[in-house]
Amino acid sequence: MQIAHLVSQRSTCLRRKVGAVLVRNKRMLATGYNGAPSGLEHCLDYGCLREKLKIPSGERHELCRGLHAEQNAIIQASLYGISVKDSVMYIINQPCIICTKMLINAGIKEIIISDGYPDKMAMNFLKEAGIKVRVFKRS
């Protein structure tokens with residue numbers, strides 16, 4: 001989880017810095033953080049439309065310029081031909097419903113989070129899919 005927090009420092013999101021790490025058999029497969037797609041202006045430079053429109057957290061993801069940390073981790077693995085099936089994802093926050101659907105289809109078997117997120121539907125989907133969700137407690 002410390003690595004997920006470290007990766008989150010690369011985030012260019014103005015509202016929330018999130019990091020994710022995909023692990024299988026005690027080996028890191030890929031990391032991701034939230035931010036604009038490669039080659040596009042970062043939110044730090046461009047600004048945040050969701051912030052300007054006062055959109056609450058967890059709503060209207062399509063108006064966000066960035067990709068989520070979970071999405072970027074899956075994409076990073078894909079770019080290098082790494083299967084994420086049966087892996088564990090460490091994420092700073094509970095995934096949103098969009099990321100949850102991607103994690104289910106990617107074959108992620110467990111998610112470990114350190115903080116929540118206002119998306120009950122996502123938690124219901126994870127439970128229905130049989131994906132174990134654990135909350136990491138810092139000591």
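- Identified under the salt bridge (charged side-chain N to carboxylate O under 4.0 Å, His left out) test for residues 96-111, with sequence neighbours left out: E110-R134.
- Taken to the nearest 0.5 Å, the OG atom of S8 stands 8.0 Å off from the NZ atom of K17.
- For the atom pair CD (E51) and CG (L14), the distance works out to 7.5 Å, reported to the nearest 0.5 Å.
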For S57 and R15: C-alpha separation, side-chain torsions, deciding distance, then whether side chain to side chain donor-acceptor pair (under 3.5 Å) applies.
CA-CA 9 Å; S57 186; R15 293 178 73 159; 5.4 Å; no
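- Inter-residue side-chain proximity for V135 and S114 is flagged as unmet; no heavy-atom pair is nearer than 4.5 Å.
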Are N72 and Y33 close enough, and set up right, to give a side-chain contact (heavy atoms from CB on, under 4.5 Å), and what steps lead you there?
CA-CA 6 Å; N72 274 324; Y33 55 88; 5.5 Å; no
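- Follow the hydrophobic side-chain contacts under 4.5 Å out from V84 and you never reach I3; the two are in separate clusters.
- Judged by distance alone, with hydrogens and angles left aside, the side-chain atoms of N93 form no donor-acceptor pair with the main-chain N or O of Y117 at under 3.5 Å.
- Two different hydrophobic clusters hold V7 and L29 under the rule that ILVMFWY side chains link at heavy-atom gaps under 4.5 Å.
- Under the 4.5 Å side-chain heavy-atom criterion for grouping Ile, Leu, Val, Met, Phe, Trp and Tyr, L126 is connected to I74 within one hydrophobic cluster.
- Applying the salt bridge (charged side-chain N to carboxylate O under 4.0 Å, His left out) test to pairs two or more places apart or on separate chains, those with a residue in residues 52-65 are R60-E62.
- Here the side chain of E70 pairs no donor or acceptor atom with the backbone of A20 at under 3.5 angstrom.
- For D115 (side chain) and I92 (main-chain N/O), no donor-acceptor pair under 3.5 Å exists by modelled atom type.
- In this structure, CZ in F136 is found 7.0 Å from CD in Q2, a value given to the nearest 0.5 Å.
- For the atom pair OG1 (T31) and CZ (R10), the distance works out to 9.0 Å, reported to the nearest 0.5 Å.
- The two residues R24 and S87 come nearest to each other via the heavy atoms CB-CB, 4.1 Å.
- In this structure, R16 places its CZ atom where more than 12 heavy-atom neighbours from other residues, nucleotides or ligands lie under 6.0 Å away.
- Between atom CD1 of residue I97 and atom CG of residue D119 there is a gap of 5.5 Å, rounded to the nearest 0.5 Å.
- V133 and F125 fall within the same hydrophobic cluster, defined by Ile, Leu, Val, Met, Phe, Trp and Tyr side-chain heavy atoms under 4.5 Å apart, directly or through other members.
- To the nearest 0.5 angstrom, I55 atom CD1 is 4.5 Å from L63 atom CG.
- One hydrophobic cluster holds both M121 and I104 under the rule that ILVMFWY side chains link at heavy-atom gaps under 4.5 Å.
- Listed for the Q71 side chain is a donor-acceptor partner under 3.5 Å among the backbone atoms of H68.
- For D45, the CG atom sits in a packed shell: over 12 heavy atoms of surrounding residues, nucleotides or ligands are nearer than 6.0 Å.
- Side-chain N or O atoms of N34 include one that pairs as donor or acceptor with a backbone N or O of V18 at under 3.5 Å.
- Taking every heavy atom of both residues into account, I108 and M89 meet most closely at CG2-N, 4.1 Å.
- T12 contributes no side-chain N or O that, together with a main-chain N or O of L44, makes up a donor-acceptor pair within less than 3.5 Å.
- Of all heavy-atom pairs between A122 and C96, the closest is CB-C, 3.8 Å.
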After noting the C-alpha distance and the side-chain angles of I131 and I111, does the key distance pass the side-chain contact (heavy atoms from CB on, under 4.5 Å) rule?
CA-CA 7 Å; I131 295 175; I111 296 169; 4.0 Å; yes
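- Between K127 and M123, the closest side-chain pair of non-hydrogen atoms is not below 4.5 Å.
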